[in-house]
Amino acid sequence: PRYIWLSRHGESIYNLEKKIGGDSSLSQRGLQYAEKLPEFVRESAGDRDLTVWTSTLIRTQETAQHLPYKQLQWKALDELDAGVCDGMTYEEIEETFPEDFKARDEDKYEYRYRGGESYRDVVIRLEPIIMELERQENILIITHQAVLRCIYAYFMNVPQEESPWMSIPLHTLIRLEPRAYATHVTKIKANI
Ligand code: G3H
């Protein structure tokens with residue numbers, strides 16, 4: 001069978017501080033996930049030879065650091081760009097840009113951060129990634145929540161407009177097996 005594995009990066013320092021965006025390193029827990037990941041992947045992939053795709057951001061590369069496979073970085077896998085809100089908490093965004101906060105709440109798919117991106121923008125920049133994925137076998141993608149929501153929605157045949165609400169838990173390895181009429185999903189959750 002043809003599989004695709006997905007994982008968010010391990011918990012980052014910014015995750016702990018409830019800040020979005022940035023380019024922070026992993027927290028202690030995040031590093032523990034990175035250490036366990038090779039074992040999880042082996043459990044799920046056996047001795048298949050995988051290729052690991054990460055974003056260009058430090059937290060995805062730190063998550064991939066112990067994996068014994070070829071690795072490729074894609075700028076197109078970087079997190080949704082929050083523009084002027086990069087590095088802020090949601091509380092700070094609500095205080096500083098109350099109208100934007102409300103607009104995003106009302107239409108999370110279309111809302112574009114000032115100087116940044118919307119989910120729709122991410123879906124469009126992911127097109128080459130999706131095309132390449134359709135041609136390849138045994139790819140493990142380590143990237144960010146918003147990006148994974150869009151990739152997951154695509155393979156689950158969920159309308160892209162619903163991608164902002166897909167649940168992609170932290171510290172969980174997801175295996176997708178695209179079949180003729182539906183994608184079969186298996187999840188392995190780390191106990192950390
Ligand atoms: O900073 C980006 C987050 O991964 C996406 O979260 O789209 O639910 O605000 P959100």
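Scope of the values below: all heavy atoms of this structure, side chains included, with no hydrogens, waters or symmetry mates. None of the values given here were measured: they were computed from a predicted structure. Atoms within a ligand are numbered from 1 in the order they appear, just like the ligands themselves.
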J.: Please report which non-hydrogen protein atom sits nearest to atom 10 (P) of ligand 1, along with the residue it belongs to and the distance in Å to one decimal place.
T.: Y90 OH, 3.4 Å

J.: With a 6.0 Å cut-off on ring centres, are Y111 and Y113 close enough?
T.: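 That pair passes the under 6.0 Å test.
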
J.: Of the side chain and backbone of R8, name the one, both, or neither that has a heavy atom under 4.0 Å from an atom of ligand 1.
T.: neither

J.: Taking only heavy atoms of K108, which atoms of ligand 1 are found under 4.0 Å from at least one of them?
T.: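 What qualifies from ligand 1 is 7 (O), 8 (O), 10 (P).
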
J.: Looking at K102, I want to see if its NZ is surrounded by more than 12 non-hydrogen atoms of other residues, nucleotides or ligands under 6.0 Å.
T.: no

J.: Heavy-atom contacts with R104 under 4.0 Å: which atoms of ligand 1 show up? List them by number with element.
T.: 7 (O), 9 (O), 10 (P)

J.: Tell me, which protein residue and heavy-atom name are nearest atom 7 (O) of ligand 1, and how many Å apart are they?
T.: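 Protein heavy atom with the smallest distance to atom 7 (O) of ligand 1: Y119 OH, 2.6 Å.
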
J.: Can you tell me how far the SG atom of C85 sits from the CZ atom of R104, to the nearest 0.5 Å?
T.: 9.0 Å

J.: Could you pull out all donor-acceptor pairs under 3.5 Å where a side-chain atom in residues 41-54 meets a protein atom, sequence neighbours excluded?
T.:
unit_1 : atom_1 : unit_2 : atom_2 : d
S44    : OG     : W5     : NE1    : 2.7
R48    : NE     : N138   : OD1    : 3.4

J.: Given Q145, K19, M166, which one has a non-hydrogen atom that is nearest to atom 5 (C) of ligand 1?
T.: Q145

J.: Do L31 and Q65 have side chains that approach each other closer than 4.5 Å (heavy atoms only, starting at C-beta)?
T.: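 Result yes, sub-4.5 Å side-chain heavy-atom pair found.
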
J.: Step through the shown structure and confirm whether more than 12 heavy atoms of other residues, nucleotides or ligands are within 6.0 Å of CD on Q28.
T.: no

J.: Within ligand 1, which atoms have a heavy atom of A146 less than 4.0 Å away?
T.: 4 (O)

J.: Under 4.0 Å from ligand 1, counting heavy atoms only, is it the side chain of E117, its backbone, both or neither?
T.: neither

J.: With the threshold set at under 4.0 angstrom, would you say E79 reaches ligand 1 through any of its heavy atoms?
T.: yes

J.: For ligand 1, is there an atom lying under 4.0 Å from some heavy atom of A82?
T.: no

J.: Any atoms of ligand 1 less than 4.0 Å from a non-hydrogen atom of I20? List them with their elements.
T.: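 Near I20, meaning under 4.0 Å from one of its heavy atoms, ligand 1 has 1 (O).
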
J.: Test your reading of the model: is there a side-chain donor-acceptor pair from E62 to the backbone of S25, 3.5 Å cut-off?
T.: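 Absent.
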
J.: Could you tell me whether a side-chain N or O of T172 sits under 3.5 Å from a main-chain N or O of L170, the two making a donor and an acceptor?
T.: yes

